[in-house]
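Quick notes on the structure that follows.
Values below: every heavy atom of this structure, side chains too, minus hydrogens, waters and symmetry copies. When a residue number appears, it is its place in the shown sequence, counting from 1.
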Amino acid sequence: MENARGAAVTAEGLGLKGPRGWAFRSVDLDVPAGTLVAVEGPSGSGRTCLLLALTGRMRPSEGRAEVAGLALPRRMAAVRRISALGPVPGVSDLDPALTVAEHLRERALLQRRFGGPFRALLHPRATRAEARARLGEALAAAGLDLETLPKQGRTAVRDLERLEVLRLSVALALVGRPRLLAVDDTDLKLSDAERAEAWELLSGLAASGTTVLAVCSQAPEGVATVVRTTGTPAAKTPGADGDGGPAGTGTTTPAADGPGTDTAPDTGTDTAPDAGTGPGDGTASAAAPGPDAAPATTGDAPGTDAAPATATTEQDTTEEGAADALAETGRA
């Protein structure tokens with residue numbers, strides 16, 4: 001029987017492919033509502049992508065999955081409405097400059113505006129009373145006591161301990177009373193004692209009926225359901241490193257055939273004939289040593305080439321001067 005507060009999660013052959021390859025693949029899962037699921041694996045093995053896919057935040061590329069009977073990816077929007085994200089770096093980060101009370105107030109306002117029926121906005125007093133009740137319930141479930149903080153609700157997030165940040169993120173997620181809760185990096189930067197407290201918190205939430213997906217590097221003993229992600233090597237992109245990419249990408253083309261290697265030979269052989277030295281000059285200069293060899297290879301040969309150019313210029317100047325003189329005398 002489906003738990004009213006939790007959501008059963010099933011997956012078969014689930015996989016997600018990104019621009020650089022498969023993030024995860026061939027994930028099978030079948031857990032009832034109110035289960036704590038540890039998503040175990042090294043960093044970069046697709047743990048967070050699996051978390052976001054099962055909560056309707058990322059579209060899987062293959063396989064099938066259902067959350068509370070809602071098929072993915074067809075019912076992604078409906079899955080998002082019944083699920084919530086705890087701490088997920090880059091997705092649901094807390095603002096370190098805001099205080100704990102400001103985060104709670106903001107979450108209550110968002111819940112009142114988008115999480116309830118529209119007619120509730122017409123009764124602000126009742127809505128505020130419900131918001132206070134939701135906040136108190138969420139804080140109690142997350143085990144966060146504002147009175148124990150250095151400045152109570154005025155404590156900035158940057159001044160919280162890592163475990164306190166985790167509890168605050170979970171409390172904010174629980175304000176919407178989700179049936180599925182996702183938590184990333186559960187054991188990151190925690191001592192052994194703090195890690196035990198974190199898992200005790202998540203186990204308590206699962207025992208109360210909420211299905212919990214928790215990403216970790218190593219699942220603790222006592223967690224019945226563990227999903228292990230090993231990751232799939234990403235496909236190499238052209239030019240990313242010195243290795244050749246897959247066939248057909250163009251990265252295996254020899255470097256000598258590229259446009260950059262053809263420019264230098266063409267420049268050297270084509271410039272000399274254009275300068276007026278003739279085809280014989282290039283061969284003679286390459287074979288014969290002496291001071292004429294270097295100018296010939298660059299195509300800027302002085303000497304014989306410079307003289308005709310000077311003579312032509314002087315001839316043009318003389319003819320122009322004669323034409324001007326004739327024009328002045330009227331005999332042009």
*asked:* Taking Asp185 first and then Arg47, would you say they form a salt bridge - that is, a charged N and a carboxylate O separated by under 4.0 Å?
replied: yes
*asked:* Determine whether a donor-acceptor pair (N or O, by modelled atom type, separation under 3.5 Å) exists between the side chain of Arg179 and the backbone of Gly6.
replied: yes
*Verify the neighbour count for atom CD of Gln152: are there more than 12 heavy atoms of other residues, nucleotides or ligands below 6.0 Å?*
yes
*Got Val67 and Leu72 here, is their nearest side-chain heavy-atom distance under 4.5 Å?*
yes
*Polar side-chain atom of Arg167 near backbone of Ala142 as donor-acceptor pair, under 3.5 Å*: yes
*Applying side-chain hydrogen bond (donor to acceptor under 3.5 Å, both in side chains), run through Thr55 and Ser83 and close with a yes or a no.*
CA-CA 6 Å; Thr55 54; Ser83 63; 4.9 Å; no
*Thr225 and side-chain contact (heavy atoms from CB on, under 4.5 Å): which partner among Leu36, Val9, Leu29?*
Leu29
*Which side chain to side chain donor-acceptor pair (under 3.5 Å) pairs, counting each pair once, include a residue from residues 87-104, with sequence neighbours left out?*
Thr99-Glu102
*Rounded to the nearest 0.5 Å, what's the gap from CG on Leu51 to CG on Leu85? Could you check?*
7.0 Å
*asked:* For Lys151, is there any backbone N or O sitting under 3.5 Å from a side-chain donor or acceptor partner on Thr155?
replied: yes
*Val227 and side-chain contact (heavy atoms from CB on, under 4.5 Å): which partner among Asp28, Leu50, Leu54, Leu213?*
Leu50
*Qualifying residue for side-chain contact (heavy atoms from CB on, under 4.5 Å) with Val175, from Leu104, Leu110, Leu135*: Leu135
*In Å, rounded to the nearest 0.5 Å, how long is the span from CG of Asp184 to OG of Ser169?*
11.0 Å
*Pairwise side-chain contact, Leu94 with Leu172, heavy-atom cut-off 4.5 Å (strictly under)*: yes
*Is the backbone of Leu180 close enough, under 3.5 Å, to the side chain of Thr211 for a donor and an acceptor to pair up by distance?*
no
*Applying side chain to side chain donor-acceptor pair (under 3.5 Å), name anything that partners Arg81, two or more places apart in sequence or on another chain.*
none
*Are any side-chain N or O atoms of Glu62 and backbone N or O atoms of Gly15, one a donor and one an acceptor, separated by less than 3.5 Å?*
no
*Looking only at atom types and distance, does a side-chain atom of Arg195 sit under 3.5 Å from a main-chain N or O of Leu190, one as donor and one as acceptor?*
yes
*Could you give the distance from CD (Glu164) to OG1 (Thr148), rounded to the nearest 0.5 Å?*
6.5 Å
*What pair of heavy atoms forms the shortest contact from Pro73 to Pro60, and how long is it?*
CB-CD, 3.9 Å
*Sort out for me which residue in Val215, Leu166, Leu205 forms a side-chain contact (heavy atoms from CB on, under 4.5 Å) with Val183.*
Leu166
*Can you measure from CG (Asp187) to CD (Glu40) and round to the nearest 0.5 angstrom?*
9.5 Å
*Show your working on side chain to side chain contact (heavy atoms under 4.5 Å, CB included) between Leu168 and Val165 and close with a plain yes or no.*
CA-CA 5 Å; Leu168 176 59; Val165 173; 5.7 Å; no
*Short question: side chain of Ser203, backbone of Trp199 - any donor-acceptor pair under 3.5 Å?*
yes
*Do other residues, nucleotides or ligands put more than 12 heavy atoms under 6.0 Å from Glu200 CD?*
no
_Polar side-chain atom of Arg80 near backbone of Gly56 as donor-acceptor pair, under 3.5 Å_ = yes
_Salt bridge present between Glu137 and Arg177 (N-O < 4.0 angstrom)_ = yes
_CZ/Arg162: more than 12 non-hydrogen atoms of other groups inside 6.0 Å_ = yes
*Looking just at side-chain N and O atoms, do Thr10 and Asp30 make a donor-acceptor pair shorter than 3.5 Å?*
no
_Let me confirm one number: the CZ-CZ distance from Arg107 to Arg134, rounded to the nearest 0.5 Å._
8.5 Å
*Taking only Lys NZ, Arg NE, NH1 and NH2, and the carboxylate oxygens of Asp or Glu, determine whether Arg64 and Glu66 approach each other closer than 4.0 Å.*
yes
